[in-house]
Amino acid sequence: MKNFTAKVFAIVRKIGKGKVLTYGEVARRAGNPKASRAVGNILNKNYDSSIPCHRVIRSDGKVGGYNRGSHKKPEILKSEGYKH
DNA sequence: CATTTGACGCCAA
DNA sequence: TTTGGCGCCAAAT
């Protein structure tokens, strides 16, 4: 745990299957409740194959943006049983 | 080094 | 309830 980014990656990586966290939640756990925006940016520019970024959604309940490597985000979430 | 961008979040109207 | 605007942060340009 050195910087905000490292925490975000660690947290997102810990998200178990079928679980979803909002950007705000991740930011909060990372130590900056207001960095929800930064969280999305980090995941976007630093997309890692080991990180289930598709498990990170908005607080509105919307999946949010998903382009880059995970254009299947809604499908995955649905497969996980997230969507009603 | 300064400015812009961007997968967000919350509040006011 | 829905829309618009402001705030906040980290990385990219």
Side-chain angles (χ1 to χ4, degrees):
Chain A
M1 305 272 200
K2 288 159 66 227
N3 48 24
F4 183 75
T5 316
K7 294 183 186 180
V8 174
F9 274 82
I11 293 165
V12 177
R13 196 185 299 129
K14 287 177 183 193
I15 301 178
K17 181 171 182 277
K19 286 160 67 170
V20 288
L21 285 180
T22 65
Y23 293 95
E25 278 294 294
V26 177
R28 190 192 242 303
R29 293 185 183 205
N32 288 300
K34 299 169 211 138
S36 51
R37 219 169 180 174
V39 174
N41 246 22
I42 293 164
L43 296 176
N44 177 24
K45 297 175 180 193
N46 290 294
Y47 178 74
D48 272 339
S49 315
S50 306
I51 297 178
C53 6
H54 41 263
R55 298 262 174 76
V56 186
I57 60 176
R58 291 183 46 145
S59 14
D60 299 87
K62 296 179 190 311
V63 182
Y66 53 90
N67 88 324
R68 207 88 175 162
S70 299
H71 59 85
K72 298 176 174 182
K73 198 186 226 181
E75 288 187 37
I76 295 169
L77 292 173
K78 193 171 141 194
S79 299
E80 302 274 316
Y82 165 66
K83 274 201 173 176
H84 189 280

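Since the model is a prediction, treat every value here as computed from it, not as a measurement. Proteins get letters first, then strands, A, B, ... in listed order; numbering begins at 1 in each. Both backbone and side-chain heavy atoms feed into the values below; hydrogens, waters and symmetry mates do not.
In this structure, A/Asn32 atom CG and C/dA11 atom C1' are separated by 14 Å, rounded to whole Å. Taking atom CD1 of A/Ile42 as the reference point, atom P of B/dC8 lies 13 Å away to the nearest angstrom. Atom CG in A/Leu21 sits roughly 20 Å away from atom P in B/dA7 (whole-Å rounding). Going from atom CG of A/Asn44 over to atom C1' of B/dG6 covers 7 Å, rounded to whole Å. Rounded to an integer number of Å, the gap from A/Asn41 CG to C/dA12 P is 9 Å. The distance from atom CG of A/Asp48 to atom P of B/dA7 is 18 Å, rounded to the nearest whole Å. Nucleotide C/dC9 holds its C1' atom 13 Å from the CG atom of A/Leu43, rounded to whole Å. The separation between A/Asn3 atom CG and C/dA11 atom P is 7 Å, rounded to whole Å.
Closest to the side chain of A/Tyr47, from the set B/dA7, B/dG9, C/dA10, is B/dA7. In this structure, the nucleotide among B/dG9, C/dC8, C/dA10 sitting nearest to the side chain of A/Asp60 is B/dG9. Checked against C/dC9, C/dA11, B/dG9, the side chain of A/Lys45 finds its nearest nucleotide in C/dA11.
Using a 4.0 Å cut-off between charged side-chain N and carboxylate O, A/Asp60 and A/Arg58 make a salt bridge.
Nearest-nucleotide assignment on DNA chain B puts the 5′-proximal partner with A/Val39, out of A/Ser59 and A/Val39. With DNA chain B read from its 5' end, the first of the two nearest nucleotides for A/Ile57 and A/Ala38 is the one closest to A/Ala38.
When all heavy atoms are compared, the tightest approach of A/Tyr23 to A/Ser36 is CB-O, 3.8 Å.
In terms of modelled atom types and a separation under 3.5 Å, the side chain of A/Lys7 and the main chain of A/Val26 share no donor-acceptor contact. With hydrogens and angles disregarded, a donor-acceptor distance shorter than 3.5 Å links the side chain of A/Asn3 to the backbone of A/Ala6. A donor-acceptor pair is defined here as one N or O able to donate and one able to accept, closer than 3.5 Å; such a pair exists between the side chain of A/Arg55 and the backbone of A/Gly16.
A sub-4.0 Å separation between OP1 or OP2 of C/dG7 and a side-chain N or O of A/Arg37 is absent. The phosphate of C/dA10 has neither OP1 nor OP2 within less than 4.0 Å of any side-chain N or O from A/Thr5.
Residue-level contact check: A/Ala35 touches the backbone only, with heavy atoms under 4.0 Å from sugar-phosphate atoms and none from bases.
No hydrogens or angles were tested; on distance alone, nothing pairs the side chain of A/Tyr66 with the base of B/dA7 as donor and acceptor under 3.5 Å.
With a 3.5 Å ceiling on both atom-pair distances, the Watson-Crick or G-U wobble partner of B/dG6 is C/dC9.
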